[in-house]
Amino acid sequence: MQRCLNLAQLGAGKVAPNPMVGAILVYGDRIIGEGYHQEYGKAHAEVNCIGSVRPDDRPLIPKSTLYVSLEPCAHFGKTPPCADLVIKQKIPRVVVGCRDPFEQVNGKGIEKLEAAGVEVIPGMLEEDCRMLNRRFFGFHTLRRPYVVLKWAQTADGRIAAAPLTNGQPERLLISNACSNRLVHRWRSEEVGILVGTNTALLDDPGLTTRLWPGSNPVRLVIDMDLKLPGHLQLFNSDAPTVVFNLHKHSLPFDNISPGLLRENGISYYQVSSNTSLVPQLMNALYRLNILSVLVEGGGRLLQSIIDEGLWDEARIITNETLTIGKGLPAPALKNQKLRQAFMLGADQVKIYANQNMQTS
């Protein structure tokens with residue numbers, strides 16, 4: 001099962017809104033086939049695993065055990081049910097990491113296999129399997145995207161310098177080149193990336209993965225009064241952009257996938273008011289099929305999400321050699337539990353989980 005998880009991880013950033021899944025086929029003490037879900041809309045792990053078996057080993061399939069990190073699907077989606085393939089191949093035993101929370105599966109795959117006489121052994125490395133697909137599990141159990149907060153701060157807890165005499169903030173580079181590259185890797189692993197109006201206007205971020213070989217996330221920006229100028233990088237053709245605002249509505253809301261969004265360029269999603277904005281955003285992102293979102297600022301937006309309790313991870317980069325005195329204070333986390341900490345040069349990276357969220 002650990003091998004299944006290692007294979008599944010290879011699909012990170014490429015399969016959403018589907019889960020990452022790995023599978024291996026074992027005869028005796030020998031792996032005769034293995035595969036993983038490589039790209040959204042294409043073959044699932046079980047299909048790739050069985051398809052990888054060499055011709056000389058194919059007679060061994062009905063005598064082998066299939067290990068798969070997530071319950072085989074039992075419905076027709078973009079591909080046929082994997083449970084049917086297992087039955088057709090007469091595989092006698094299937095070891096499953098964890099059940100699939102998607103309502104069209106959620107135990108139905110296991111039931112179909114058992115009804116056909118297949119021995120199913122569930123719950124192998126279950127917590128590890130759930131952790132790998134925490135975005136997918138959170139999306140389907142909480143009905144909102146998996147939310148990852150990210151910011152860089154100085155050693156004295158500032159995320160931006162104080163304004164200059166002309167009212168504009170001083171440009172402040174906090175994190176180093178290695179940390180910046182890591183952030184671009186993080187971007188490639190999430191479906192969407194969210195910023196507020198001031199961050200878009202003052203920093204003019206591109207919000208792409210130009211420092212990492214991965215897919216660009218869908219760019220999400222809050223611009224209530226549609227005051228952001230069109231020359232900003234957010235509105236170029238490098239990635240699709242969705243603008244949340246009070247005035248303009250152009251998105252159809254049903255059955256939208258990230259794949260479809262990538263063809264739309266700039267789109268608009270109208271919210272009702274400035275009040276209760278964060279829950280509205282979460283509902284909108286769920287309806288847009290945005291499985292996960294990386295929130296990169298600004299401080300007001302980050303704190304609002306923290307105060308609502310609607311976050312799953314927080315990733316904080318601290319330059320331990322930089323102090324600036326006056327400046328914009330970093331957000332204050334609540335209910336956090338440290339999951340990981342490491343150094344990249346002078347930058348300390350800490351990753352926290354929201355201990356109130358079971359999917360974390």
Side-chain angles (χ1 to χ4, degrees), residues 5-22 36-42 45 69 131-139 144-152 174-195 199-200 203-221 233-242 256-266 285 288-297 302 311-317 339-340 342 344 347 349-353 359-360:
L5 292 171
N6 293 343
L7 289 168
Q9 184 66 49
L10 298 175
K14 303 170 187 174
V15 301
N18 285 353
M20 295 175 281
V21 184
Y36 66 98
H37 186 28
Q38 299 180 16
E39 187 175 343
Y40 174 68
K42 295 189 177 180
S69 58
M131 182 65 181
L132 174 71
N133 277 311
R134 57 194 182 276
R135 296 163 177 81
F136 181 77
F137 274 80
F139 186 79
R144 66 161 175 81
Y146 190 87
V147 177
V148 181
L149 311 179
K150 170 265 164 182
W151 69 84
I174 297 176
S175 52
N176 62 37
C178 290
S179 297
N180 292 340
R181 187 169 176 82
L182 175 62
V183 169
H184 284 232
R185 175 184 172 181
W186 290 343
R187 290 177 178 179
S188 75
E189 294 171 348
E190 312 304 337
V191 178
I193 182 168
L194 174 66
V195 295
T199 297
D203 294 348
D204 191 16
L207 302 183
T208 62
T209 58
R210 61 192 178 275
L211 300 180
W212 188 264
S215 300
N216 290 323
V218 177
R219 300 180 294 198
L220 311 160
V221 59
Q233 292 188 79
L234 279 171
F235 301 123
N236 63 28
S237 60
D238 290 346
T241 299
V242 178
I256 291 181
S257 70
L260 179 60
L261 276 173
R262 290 189 181 98
E263 300 173 1
N264 288 344
I266 300 171
L285 295 172
L288 293 173
N289 217 15
I290 302 294
L291 191 77
S292 62
V293 61
L294 179 66
V295 184
E296 288 209 12
L302 288 162
W311 63 280
D312 298 281
E313 291 184 30
R315 302 173 182 178
I316 304 172
I317 301 171
R339 177 185 291 164
Q340 187 180 8
F342 55 92
L344 287 175
D347 290 351
V349 181
K350 288 188 175 180
I351 299 178
Y352 295 93
T359 55
S360 298

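For the single chain, residues carry numbers from 1 onward in sequence order.
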>> For the CD atom of Gln233 and the CG atom of Asp204, what is their distance to the nearest 0.5 Å?
In response: 4.5 Å
>> If you define the side chain from C-beta out and look only at heavy atoms, does anything of Asn289 sit under 4.5 Å from Phe139?
In response: yes
>> Applying side chain to side chain donor-acceptor pair (under 3.5 Å), can you list everything that pairs with Ser179, at least two apart in sequence or on another chain?
In response: Asn176, Asp347
>> If you compare all heavy atoms of Val295 against all heavy atoms of Val147, which two are closest, and at what distance to 0.1 Å?
In response: CG2-CG1, 4.0 Å
>> Within this structure, what is the CG-OG distance for the pair Leu294 and Ser188, rounded to the nearest 0.5 Å?
In response: 10.0 Å
>> With rounding to the nearest 0.5 angstrom, report the OG to CD distance, Ser69 to Gln9.
In response: 10.5 Å
> Under 3.5 Å, is there a donor-acceptor pair between the side chain of Glu296 and the main chain of Val195?
Replying inline: no
> How would you list, by chain and number, every residue that makes a ring-ring contact (aromatic ring centres under 6.0 Å, His included) with Tyr36, sequence neighbours excluded?
Replying inline: none
>> For a quick test of reading the model, state the closest non-hydrogen atom pair linking Trp311 to Tyr352 and the distance between them.
In response: CZ3-O, 4.2 Å
> Do side-chain atoms of Thr209 reach the backbone of Gly214 as a donor and acceptor pair under 3.5 angstrom?
Replying inline: yes
>> Nearest 0.5 angstrom please: Met20 CE to Leu7 CG, how far?
In response: 12.5 Å
>> I'd like to check the side chain to side chain donor-acceptor pair (under 3.5 Å) partners of Trp151; sequence neighbours left out, ordered by chain and number.
In response: Gln153
> Does Asn180 have any side chain to side chain donor-acceptor pair (under 3.5 Å) partners at least two apart in sequence or in another chain, and if so, which?
Replying inline: Ser175
> If we only count heavy atoms from C-beta on, is the Tyr146 to Glu313 side-chain gap below 4.5 Å?
Replying inline: yes
> Backbone N or O of Thr208 within a donor-acceptor pair of the His184 side chain at under 3.5 Å?
Replying inline: yes
> Given side chains that start at C-beta, do those of Ile317 and Ile174 come closer than 4.5 Å, heavy atoms only?
Replying inline: no
> Among Leu285, Ile290, Asp312, Val293, whose side-chain contact (heavy atoms from CB on, under 4.5 Å) with Arg144 holds?
Replying inline: Asp312
> Can you list the steps and then say if Val148 with Glu189 is a side-chain contact (heavy atoms from CB on, under 4.5 Å)?
Replying inline: CA-CA 11 Å; Val148 181; Glu189 294 171 348; over 6 Å; no
>> Quick one: does any side-chain atom of Arg185 pair with a main-chain N or O of Leu182 as donor and acceptor, under 3.5 Å?
In response: no
> Taking all non-hydrogen atoms of both residues, which atom of Asn216 and which atom of Asp238 are closest, and how far apart?
Replying inline: ND2-O, 3.1 Å
>> How long is the straight-line distance from OH of Tyr40 back to CG of Leu291, given to the nearest 0.5 Å?
In response: 10.5 Å
> Do Val191 and Arg135 have side chains that get closer than 4.5 Å, going by heavy atoms?
Replying inline: no
> Does the pair Leu10 and Gln38 meet the rule for a side-chain contact (heavy atoms from CB on, under 4.5 Å), with working shown?
Replying inline: CA-CA 7 Å; Leu10 298 175; Gln38 299 180 16; over 6 Å; no
> Who pairs with Arg219 by salt bridge (charged side-chain N to carboxylate O under 4.0 Å, His left out), at least two apart in sequence or on another chain?
Replying inline: none
> Looking at residues at least two apart in the chain, or sitting in another chain, which of them share a side chain to side chain donor-acceptor pair (under 3.5 Å) with Ser292?
Replying inline: Glu190
>> Please determine whether side-chain contact (heavy atoms from CB on, under 4.5 Å) holds for the pair Arg187 and Trp212, giving the CA-CA distance in whole Å, both sets of side-chain angles, and the decisive distance to 0.1 Å.
In response: CA-CA 9 Å; Arg187 290 177 178 179; Trp212 188 264; over 6 Å; no
> Is the backbone of Lys150 close enough, under 3.5 Å, to the side chain of Arg315 for a donor and an acceptor to pair up by distance?
Replying inline: no
